[in-house]
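Only one structure is covered here, and it is reproduced in the block below.
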Amino acid sequence: MYRGISIMRMSRLFAPTLREVPAEAEVISHQYLLRAGYIRKTAAGVYCYLPLAWRVLRKIEGIVREEMDRAGGQEVLLPALQPAEIWQESGRWDVYGKELFRLKDRHERDFCLGPTHEEVITVLVRGEINSWRDLPKRLYQIQTKARDEIRPRLGLIRCREFIMKDLYSFDRDEEGLEDSYQAMYEAYRRIFTRCGLTFKAVEADSGAIGGTGSHEFTVLADTGESVIAYCNSCGYAANLERAVASDATIKNESDEQQLPIQKVSTPDKHSIEDVTGFLGVDATKLVKTLIYRITYRERQEMVAVAVRGDRDVNEIKLKNALDALEVELADAVAVEEITGAPVGFAGPIGLEDVPILADPEVTVIANAVVGANEIDAHFINSNYERDWKAAKVLDLKNVVAGDPCPHCNAPLDTTRGIEVGHIFKLGTKYSSALNATYLDENGQAQYIIMGSYGIGIPRTMAAAVEQSNDEDGIIWPVPIAPYHVSIVPVNYNNDEQREWAEELYHQLTAAGIEVIIDDRDERAGVKFKDSDLMGFPLRITVGPRSLKENKVEIRLRADGTTWLVDKTEVVAKVQSELMAHQPQRQL
RNA sequence: CGGGGUAUAGCUCAGCUUGGUAGAGCGCUUGCUUGGGGUGCAAGAGGCCAGCGGUUCGAAUCCGCUUACUCCGACCA
């Protein structure tokens, strides 16, 4: 189980530790990975992985490889440098936008650095796979991707260059795709479980990659960028971008008597808080009307979006509903032009030049407050249908904790997390654009049905640190720890301690355990601190106190549990502790 | 891209307001000391003060531009 003969002395290890927190590091994983000497930054979002980090990354990769192979994957390595032609052919040269690192060769030909590899692999496969007999195929690689991120941040969590495992599945039909997708779903669960992570698989928006179905694998951590909503009673879980609330409670909203609409003066009351405070009503009685600029491939238009005053517009849902390339809030000038009033007084009544899209919730507010499209004025007692109508009524809001689950109506919970894996059903999006077909049993050409499945490897490492640390440093889950055990002789200059430390070091190494010995001429405290910071699961202290009884101390990093162990029992004890701390299957 | 912030020794920062030629702590080197949670003492090494331009007798310090880094909002593994 703990194979791999890798021995190391701390005196030789290239892992410069820092006592202070570098100013650039905001989140725990970034701070500890820098301080413990795992990574160094080369440019914003571009990092060097030092030996300890590389060992962790290779362990994660090893787990990923095993599970990909188990799920029928075959490893390949595709080019990072890619010609523009294939991106032009798929249409993404223009659509992918500024995130694509573009460059020219000496002949002025366009190239890019691969942010993902659908084009390359589809072009590869279309030339070589011709018959239904060649399918299915599942090909993967573990390779460096380049994306010119808008804003790299959070250390390894959002980088411009990062290692990714990407697998592409090629099937004959939807049924085959379903098989591949399920195989990957299961493989991902195994991978993140084996890495010792607490995670959720959630329904996700398929975003720029495109396609018909998608799940994200999200490691739960407060510092994560994604928000997920989940239901504890039925298991529903979805990314906030996609999560919906049941409309069960919407329907039986109010039986309040409709009052006559009335314009009121609301001087200088722009925000929801201003208006609710001024009029003494709850935000749920307000209709928030926002003007959006919608960009399509060849044109732009403005729309008004109405949601309840306490809600936020979900721009992903808006974008998907309109099949738009981009949606953004209109600027103040445009708002004034369209509504005839400064920002803060927009409302659905009398808004004639733009279509109104309304969330279902706003259609049931009795006697709502809405902007009057006039400076310093709102309407009170407005009612949907009587006073205004939307062009379309559809779900456009972010869910919040407490909203009813769409499946079982139990209250939803929300939590933050780090998206470490994402699986997509692509269908024929790329095979049709790039003309990747096979001949079926009837000699008919059919588009290959594809899926794509990614895992961010460094991000997974960072997520593990986010999830498992304390005030002293990292606490690695055993399966991805760079070394299992550190041996700390309290005083390496002492002959007895040194000899025993060396002896144990060789015994453990011979048993296949990955061990590092701190042979530095440092104070015990320094060595303890570094060992804790670096996060090795077990530490063996060889010092005079226990040596008197022919014993050494074995200490568990996770909770500080310490055992005094006879020197002859060390290997057995270490093995049993490592085994005991293997992650359990969590399904 | 928009909005803020920062840039001085390897790291964390002072110095700038009020221009006069560079500092601390940690780390590093050497020696002694100490030796179970970042020992103590002493002596050292180390800076084109991000870059460019301007003002001035004189600029880390004042002014302008540029670049990099970083935080807050739209993308994604």
Side-chain angles (χ1 to χ4, degrees), chain A residues 16-27 30 34-35 37 40-46 60 64 96-100 115-116 142-145 147-167 188 204-209 214 216-219 224-226 239 241 292-293 295 315-316 318-319 326-329 331 418-424 452-463 472 488-494 497 521-533 539 541-547 552-553 555 560 562:
Chain A
T17 57
L18 301 171
R19 211 182 276 209
E20 288 178 278
V21 182
E24 70 194 50
E26 182 90 344
V27 296
H30 194 192
L34 281 168
R35 281 192 54 205
R40 285 294 184 267
K41 183 176 64 182
T42 298
V46 181
I60 296 170
V64 168
Y96 210 91
K98 293 186 186 134
E99 224 163 283
L100 193 59
T116 173
I142 297 176
Q143 195 220 32
T144 298
K145 304 287 193 244
R147 294 184 186 172
D148 197 355
E149 289 285 346
I150 292 168
R151 182 149 91 85
R153 66 186 136 165
L154 306 177
L156 294 188
I157 292 172
R158 181 162 225 82
C159 283
R160 291 192 295 175
E161 184 186 281
F162 62 98
I163 301 166
M164 177 165 131
K165 183 286 302 179
D166 46 326
L167 183 143
Y188 275 40
D205 184 73
S206 44
I209 309 276
S214 169
E216 265 178 29
F217 289 77
T218 301
V219 170
E225 293 179 287
S226 28
N239 187 303
E241 292 171 355
Y292 272 88
R293 179 186 304 277
T295 306
E315 296 186 355
I316 302 286
L318 179 63
K319 185 166 136 181
E326 201 144 341
V327 303
E328 56 178 338
L329 272 174
D331 56 53
I418 300 165
E419 179 193 356
V420 290
H422 204 154
I423 60 179
F424 297 92
S452 93
Y453 315 84
I455 292 178
I457 306 289
R459 185 183 272 191
T460 300
M461 172 169 78
D472 291 315
V488 178
V490 169
N491 181 357
Y492 195 72
N493 294 323
N494 173 282
Q497 291 176 39
D521 182 14
E522 287 285 359
R523 313 259 318 171
V526 171
K527 294 187 272 198
F528 293 154
K529 286 286 185 190
D530 277 346
S531 182
D532 285 351
L533 182 61
R539 187 184 81 206
T541 307
V542 181
R545 285 185 200 162
S546 58
L547 233 39
V552 297
E553 283 170 30
R555 183 174 190 271
T562 303

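Note that the coordinates shown come from a computational prediction; the quantities given were computed from them, not determined experimentally. A note on names: the letters A, B, ... follow the listed sequences, proteins ahead of strands, and every chain is numbered from 1.
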Could you check whether Phe528(A) and the base of G36(B) form a stacked pair, meaning centres closer than 5.5 Å and planes differing by less than 30°?
-> no
U21(B) -> Watson-Crick or G-U wobble partner, both distances under 3.5 Å, gives none
Less than 3.5 Å between a donor and an acceptor, one on the side chain of Asp472(A) and one on the base of G37(B), is that the case here?
-> no
With rounding to whole Å, what would you report as the distance between C11(B) and C28(B) at their P atoms?
-> 14 Å
Whole-Å C1' distance, G20(B) and U56(B) | 12 Å
Please determine if Arg153(A) and Glu26(A) form a salt bridge, counting it only when a charged side-chain N lies under 4.0 Å from a carboxylate O.
-> no
Respond yes when some side-chain nitrogen or oxygen of Arg545(A) is under 4.0 Å from OP1 or OP2 of G36(B), and no when none is.
-> no
Shortest non-hydrogen contact between Arg158(A) and Arg151(A), atoms and distance | CD-O, 3.4 Å
How far does the C1' atom of G25(B) sit from the matching atom of A59(B), given to the nearest Å?
-> 27 Å
Arg539(A) (side chain) and G37(B) (base): donor-acceptor pair under 3.5 Å | yes
Taking atom P in both U61(B) and A77(B), compute the distance separating them and give it to the nearest angstrom.
-> 46 Å
For residues Ser226(A) and Asn239(A), report the shortest heavy-atom separation together with the two atoms involved.
-> CB-ND2, 4.2 Å
Just compare G37(B), C26(B), C75(B) and give me whichever is closest to any side-chain atom of Arg19(A).
-> C26(B)
Comparing Thr17(A) with Glu522(A), nearest RNA chain B nucleotide closer to 5' gives the residue Glu522(A)
Would you indicate, yes or no, if U70(B) has its OP1 or OP2 atom less than 4.0 angstrom from a side-chain nitrogen or oxygen of Lys41(A)?
-> yes
With C1' as the reference atom in both, quote the distance from U21(B) to G27(B) in angstrom, rounded to an integer.
-> 27 Å
Can you check whether any acceptor in the base of U34(B) is under 3.5 Å from a donor in the side chain of Arg523(A), or vice versa?
-> yes
Verify, without hydrogens or angle tests, whether Gln497(A) (side chain) and Asn491(A) (backbone) share a donor-acceptor contact under 3.5 angstrom.
-> yes
CZ-CG distance between Arg147(A) and Leu100(A), expressed to the nearest 0.5 angstrom | 10.5 Å
When you compare C48(B) with A43(B), how far apart are their C1' atoms, in angstrom units rounded to a whole number?
-> 28 Å
With the side chain counted from C-beta on, respond yes when Thr17(A) and Arg35(A) share a heavy-atom pair under 4.5 Å apart, and no when they do not.
-> no
Nearest-nucleotide wise, let me know which of Val526(A) and Gly456(A) is further upstream toward the 5' end of RNA chain B.
-> Val526(A)
For atom C1', what is the distance between U33(B) and U39(B), given to the nearest Å?
-> 9 Å
C1' gap between A24(B) and C62(B), integer Å = 26 Å
Any N or O donor-acceptor pair linking the side chain of Arg151(A) to the base of C71(B) at under 3.5 Å?
-> no
If pairing requires Watson-Crick or G-U wobble contacts with both distances under 3.5 Å, which nucleotide is the partner of G64(B)?
-> C52(B)
Check every atom of A74(B), A77(B), C69(B) against the side chain of Ile150(A) and return the nucleotide holding the closest atom.
-> A74(B)
Options C69(B), G37(B), C72(B), nucleotide nearest the side-chain atoms of Arg153(A) | C72(B)
Which nucleotide, in any strand shown, forms a Watson-Crick or G-U wobble pair with G2(B), with both distances under 3.5 Å?
-> C72(B)
Could you check which of C75(B), G38(B), A77(B) has an atom nearest any side-chain atom of Leu533(A)?
-> G38(B)
Please give, in whole Å, the distance from A77(B) C1' to Glu241(A) CD?
-> 13 Å
